[in-house]
Amino acid sequence: MTQIIVLGAGVVGLTTAIELKKWNPNLNITIVAQHFPGDFDNQFYTSPYAGANWQSFASNEDINLQNLDKPSYKKFIQLAKNDPERSGIWIKDNITYYTNYKISETKGNMSEFIPWYRNFVEDFKIIDEDKIKFKDIGFGTSFKGVVISVPIYLNYLIQQNKELGNKFKKAKIDNIDELKNFNGIKTDYVINSAGLQATKIKGITDKKLTFPVKGQTLLVKNNTKSVLAVEGFPGTSDEMLYIMPRKEGGSIIGGCFKPGDNSSKIDEELTSRLIRRAINYSPEIIDPKYKNNPSKIEIIKTNIGFRPFREDGVRIEKDPKYNWLIHNYGAGGGGYQGSFGFAQKVVDILKNELSKSKSKSKL
Ligand SMILES: Cc1cc2nc3c(=O)[nH]c(=O)nc-3n(C[C@H](O)[C@H](O)[C@H](O)COP(=O)(O)OP(=O)(O)OC[C@H]3O[C@@H](n4cnc5c(N)ncnc54)[C@H](O)[C@@H]3O)c2cc1C
Ligand SMILES: *[C@@H]1O[C@H](CO)[C@@H](O)[C@H](O)[C@H]1NC(C)=O
Ligand SMILES: *[C@@H]1O[C@H](CO)[C@@H](O)[C@H](O)[C@H]1NC(C)=O
Ligand SMILES: *[C@@H]1O[C@H](CO)[C@@H](O)[C@H](O)[C@H]1NC(C)=O
Ligand SMILES: CC(=O)N[C@H]1CO[C@H](CO)[C@@H](O)[C@@H]1O
Ligand SMILES: CC(=O)N[C@H]1CO[C@H](CO)[C@@H](O)[C@@H]1O
């Protein structure tokens with residue numbers, strides 16, 4: 001058997017391990033990580049702190065990221081239809097509103113708000129102006145989206161790995177060489193899915209910088225009808241509103257996008273602004289007639305998370321120095337929506353590697 005170690009048990013490592021084993025049952029895969037689902041440590045483990053949904057950030061020109069993001073949309077819609085209870089994913093309309101302030105920033109050019117995936121996702125629509133009931137909103141779009149309850153989904157990925165026979169080992173790695181021989185077994189390939197720490201491990205070099213981008217979200221008891229996002233609040237350009245109702249009840253309210261702020265401190269004023277905005281744009285969130293909601297927003301937990309960004313975007317390639325190392329990190333704000341596309345790319349790289357070594361051994 002070919003011995004594989006996947007380093008990292010975030011959404012990226014767990015998905016990659018599943019897709020590798022599904023492609024080739026002859027791989028003996030062990031996931032090695034310091035943190036597994038159920039652990040919380042926002043400096044070193046981002047996945048439990050995500051929203052999460054699918055909303056590709058790829059620009060109209062970035063075909064590479066578009067292609068990486070496409071497979072997960074299909075997969076999540078499929079899971080929501082076929083296995084909603086176990087996967088924690090459900091289908092919800094995704095509505096995005098742009099404030100008049102945001103529209104003035106783009107000099108009234110609405111085409112900047114039309115994403116590349118208008119012809120890819122199901123039911124993409126520009127919302128009729130007379131259906132928008134907020135004075136300060138000048139433009140809106142919607143499509144058939146998904147909401148992922150991340151604690152449920154991460155456990156689902158663990159379950160899938162178990163069912164496929166992949167193994168788990170809790171350990172902190174200081175030097176990537178430790179994985180070349182691990183627990184007395186020679187490893188053929190290591191997949192580096194270590195998130196924000198990926199370049200902090202000795203032996204790993206990257207000309208591009210990996211850095212955290214802070215987010216703050218509220219997990220609340222209340223429910224809303226749709227996934228809602230509002231962009232363009234004057235004076236707070238690194239804030240937006242998003243609300244994601246979870247399948248099991250309750251919602252996530254976010255958020256912010258702050259590069260360079262790596263403190264784990266909760267910003268209470270941001271919390272107040274988020275609550276005010278949520279009530280303004282989703283009034284049903286405090287309407288007892290809607291799903292028995294409480295008449296005020298009840299916060300269960302405030303989360304601070306750090307998106308593992310990389311200057312050039314996600315790195316999925318063979319290491320130039322170690323011929324047994326394949327990188328798979330730097331997912332930034334899109335590790336869920338990219339997960340299946342990233343995994344497929346790792347499969348393609350390994351497929352190519354194994355066919356090379358096979359033809360070599362025939363010589
Ligand atoms: C507020 C917020 C909202 C978000 N919303 C969304 C969303 O809606 N949609 C979306 O797609 N994405 C979203 N994201 C982004 C998403 O959460 C990340 O892109 C994703 O979680 C990254 O996953 P990962 O597996 O690469 O890293 P991580 O989840 O950080 O996992 C890293 C793994 O590597 C292990 N590790 C690291 N170093 C070592 C070491 N030295 N030894 C052993 N193990 C090690 C860790 O223990 C861990 O298991 C959001 C993020 C935040 C913060
Ligand atoms: C698979 O890997 C595990 C642990 O890494 C090891 O104990 C086992 O012997 C391996 N099995 C095969 C068939 O290589
Ligand atoms: C409007 O924005 C689109 C997309 O960003 C751009 O291609 C187009 O040139 C812009 N039009 C004007 C008139 O600025
Ligand atoms: C956070 O940022 C400060 C200043 O930029 C830096 O000194 C510190 O090392 C950073 N901490 C972490 C955990 O990245
Ligand atoms: C809540 C949320 O994330 N909504 C997203 C819906 O889709 C748009 C793009 O059309 C995103 O920008 C939003 O963030
Ligand atoms: C559907 C649902 O979970 N609604 C909840 C909204 O919040 C109230 C108060 O916490 C709960 O009682 C409801 O069950």
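Numbers here are sequence positions counted from 1. In this text, all values refer to a predicted model and were calculated from it rather than measured experimentally.
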Taking [X] for its side chain and [Y] for its backbone only, find out whether a donor-acceptor pair lies under 3.5 Å.
{"X": "Arg310", "Y": "Ala331", "result": "no"}
{"X": "Asn262", "Y": "Gln43", "result": "no"}
{"X": "Ser104", "Y": "Tyr101", "result": "yes"}
{"X": "Asn28", "Y": "Thr30", "result": "no"}
{"X": "Thr187", "Y": "Leu179", "result": "yes"}
{"X": "Asn155", "Y": "Pro151", "result": "yes"}

Can you tell whether the side chains of [X] and [Y] come within less than 4.0 Å, N to carboxylate O?
{"X": "Asp39", "Y": "Lys170", "answer": "yes"}
{"X": "Glu239", "Y": "Arg273", "answer": "yes"}
{"X": "Asp174", "Y": "Lys172", "answer": "yes"}

List the residues meeting salt bridge (charged side-chain N to carboxylate O under 4.0 Å, His left out) with [X], not counting sequence neighbours, and say none if there are none.
{"X": "Lys107", "value": "none"}
{"X": "Glu268", "value": "none"}
{"X": "Glu85", "value": "Lys247"}

Query - Passing candidate, ring pair (Phe, Tyr, Trp, His ring centres under 6.0 Å) with Tyr97, options Phe134, Phe139, Tyr281, Tyr242 - result: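 Testing Tyr97 for a ring pair (Phe, Tyr, Trp, His ring centres under 6.0 Å) against Phe134, Phe139, Tyr281, Tyr242 leaves exactly one candidate, Phe134.
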Query raised in the report: Which class fits the ring pair Tyr336 and Tyr153: parallel under 30°, tilted 30 to 60°, perpendicular over 60°?
Result: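 Tilted.
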